[in-house]
Amino acid sequence: MARTRFAADAGLASRMVLTMFLLGLLYVVFVAVLVALKIPLILVLLIAGGFLFFQYFFSDRIALSSMRGREVSPEQAPELHQMVDRLCALADMPKPRVAVADSDLPNAFATGRNQKHAVVCVTTGILRRLSTPELEAVLSHELSHVAHRDVAVMTIASFLGILAGFVVRSSIYAGAYGGGGGWGRSNDRDNNAGAVILLVVLASAVVYALSFLLTRLLSRYRELSADRAGAILIGRPSLLAAALVKITGEMGRIPTRDLRAAEPLNAFFLVPALAPGFSFSSLFATHPPLERRLEQLAQLEAQLGRPA
Amino acid sequence: MKFLDALLGRSKPKQPKLDALFGVTGAAITLEAAAGMRPTGQAAVCFKPASGQGFAAAAEELHDLLELAVKEAGSTVSVTDDRYGYRWVVLTDPEMEDLVTSVHLVNSTLEQYGFGPQLLCSVFAFSTPEGQRFHLVYLYKRGTFYPFAPLGGERRDNELELRVKATLEGDLPIEPELGRWFALWGLPLG
């Protein structure tokens, strides 16, 4: 008996493991450098840990207030609540709080450290632009983020970046005050202290840059995972693809004009030679390029088309 | 494994639990004996249709099987899609046992084709001695039941629901988390 029609994506999982491994490795190396330079590690860890703790426990409130989202009751948004209700029953997860943000930008996000404290927020812009089934596809993508505990994973992953950034800043302050109050161990050898601080700043800056790239890479993998799980949940990958195309404002890619009417004009169009290759902006993006996401959804759709 | 799944950002589609469904026959007897509440002879299966030829084939076989079963048992069947994009197979049969068998037929056909995760819920309609309608909803992913008693204007008769829960606690696995007693407004049962 077929349990599910969708094959597991081992490639995505292994790339994610590799990214996490590199991030962890970077972390170990960084701590080793700090230890070798005789920095009071406990202090650094405590302060950076405090940031992490704050971000982890208040992620839902931080994100909601920065987007100006307000929670809505089932009476205020009955349709939205019904959709979330049913998706939660389908996926067997506790229902998150539902919020709406007053913004014309079509967007949606999920946040909260675990399933019990999760919030799913949609903007009024997305409510207006998407049809009901498309909105449901977007909601199932966001619910997948909640199920995968992406806030927890990404907060922990970005810990290193926060740590390194903090070390850079405090080392510069320590340097500015002549190394006197700073790390306090090599007061008698000012020259040496200056060199150490420079080294710390350099090492931290490199660590920060690398961890930034790696967390962004991880974030893109998490997005692909959520796309996949969301599409499988509603059983119609193309719906999510359609919603993505609409949200990214690239609906113009699928023309509504009749081919015969447009053809005479084609001679005047300059088709921009967009090479689908490497670009720097793709390294920094939190989301994978639309093509990559659509390609994955198309593969899932193809798996649905196979006879049993 | 749950930790690993979260770490890797993968969630497996939840498979339905189908066994507890047969308990509804016994529950109907208890409801009638204890509170005079009787089944109305209507039940429905709700699922999310998937796209693609695979699902179309499953739907076709489901249709043929149901047609056969209906002819044999003398019940009726109809299919409607609601505005949330879910499909309802509504079955009518005075015999509770036949109803449960037909509902199970829908389940097993979908599962056989690999669409088990698409099942949302099954609903059995009942009515109180005063004629008020309420429903027993079976959540496939939880393997639990809960009562749903709609009043006019998207309100629920919580008192009746809690009474039904108290009556059935020994017979059926009742959903313990009240937050999962989802409303199903406008469900296509009389």
Side-chain angles (χ1 to χ4, degrees), chain A residues 1-6 8-9 12-14 16-17 20 74-75 78-79 81-95 132-133 136 144-145 147-150 152-153 218 221-226 228-229 232-239 300-308, chain B residues 2-17 46-58 61 82-86 108 110-121 137-144 146 153-155 175 177 179-186:
Chain A
M1 204 182 284
R3 300 278 287 167
T4 167
R5 303 185 64 85
F6 299 100
D9 189 344
L12 186 62
S14 55
M16 199 161 354
V17 167
M20 286 192 219
E75 287 75 33
E79 277 219 354
H81 269 273
Q82 275 274 296
M83 266 187 249
V84 175
D85 276 353
R86 292 185 180 202
L87 286 175
C88 286
L90 209 55
D92 185 25
M93 58 190 287
K95 187 184 173 185
T132 310
E136 192 179 28
S144 303
H145 276 309
H148 295 162
R149 304 201 56 179
D150 277 345
V153 170
L218 189 61
Y221 288 151
R222 307 297 289 191
E223 286 300 328
L224 283 177
S225 284
R228 189 184 153 75
I232 289 176
L233 180 62
I234 54 164
R236 297 180 66 180
S238 296
L239 262 183
L300 288 174
E301 187 75 55
Q303 286 177 14
L304 274 172
R306 277 184 220 136
Chain B
K2 234 182 147 182
F3 171 74
L4 194 65
D5 284 344
L7 195 64
L8 294 179
R10 65 177 179 203
S11 45
K12 295 188 190 74
K14 185 90 179 173
Q15 296 295 332
K17 296 180 184 133
C46 178
F47 55 91
K48 189 118 186 93
S51 54
Q53 183 54 35
F55 188 83
E61 176 168 337
D82 69 11
R83 65 197 174 113
Y84 295 101
Y86 289 79
S108 49
L110 284 179
E111 200 184 34
Q112 199 183 343
Y113 275 85
F115 291 107
Q118 306 298 115
L119 285 164
L120 178 71
C121 64
V137 182
Y138 180 65
L139 285 173
Y140 283 104
K141 308 301 160 60
R142 307 279 291 171
T144 54
Y146 67 86
E154 304 214 339
R155 284 176 304 123
E175 175 55 49
E177 286 177 47
R180 293 191 191 238
W181 289 22
F182 298 122
L184 291 161
W185 305 122

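All chains are named by letter (A, B, ...) in the order of the sequence lines, taking the proteins before the strands, and each is independently numbered beginning at 1. Everything numeric in this text was worked out from a predicted model, so none of it was measured.
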**Message:** Can you tell whether the side chains of B:Asp82 and A:Arg86 come within less than 4.0 Å, N to carboxylate O?
**Reply:** yes

**Request:** Between chain B and each of A:Pro133, A:Ser238, A:Ala152, A:Pro94, count heavy-atom pairs under 4.5 Å; write down the option with the most.
**Result:** A:Pro94

**Request:** Work out which heavy atom in A:Asp92 is nearest to a heavy atom in B:Arg180; give both atom names and the distance.
**Result:** OD1-NH1, 2.9 Å

**Prompt:** If you tally heavy-atom pairs under 4.5 Å against chain A, which of B:Ser51, B:Gly52, B:Ala50 wins?
**Reply:** B:Ser51

**Asked** Looking only at atom types and distance, does a side-chain atom of A:Arg222 sit under 3.5 Å from a main-chain N or O of A:His148, one as donor and one as acceptor?
**Response** yes

**Item:** Under 4.5 Å from any heavy atom of chain B - which part of A:Pro74
**Value:** neither

**Side-chain donor/acceptor of B:Gln118 to backbone N/O of B:Lys48, under 3.5 Å** = yes

**Prompt:** Does any heavy atom of chain A fall under 4.5 Å from the side chain of B:Phe47, the backbone, both, or neither of them?
**Reply:** neither

**Item:** Side chain, backbone, both or neither of A:Leu224 within contact of chain B (heavy atoms, under 4.5 Å)
**Value:** neither

**Prompt:** Going by the angle between their ring planes, with limits at 30° and 60°, are B:Phe55 and B:Phe115 parallel, tilted or perpendicular?
**Reply:** perpendicular

**Message:** Which atoms of B:Leu139 are under 4.5 Å from chain A, going by heavy atoms: the side chain, the backbone, both sets, or neither?
**Reply:** side chain

**Request:** Could you tell me which portion of A:Glu79 (side chain, backbone, both or neither) has an atom closer than 4.5 angstrom to a non-hydrogen atom of chain B?
**Result:** both

**Request:** Measure from the side-chain N and O atoms of B:Lys141 to the backbone N and O of A:Leu90, and report whether any donor-acceptor pair falls under 3.5 Å.
**Result:** yes

**Request:** Can you tell which part of A:Leu87 gets under 4.5 Å to a heavy atom of chain B, answering side chain, backbone, both or neither?
**Result:** both

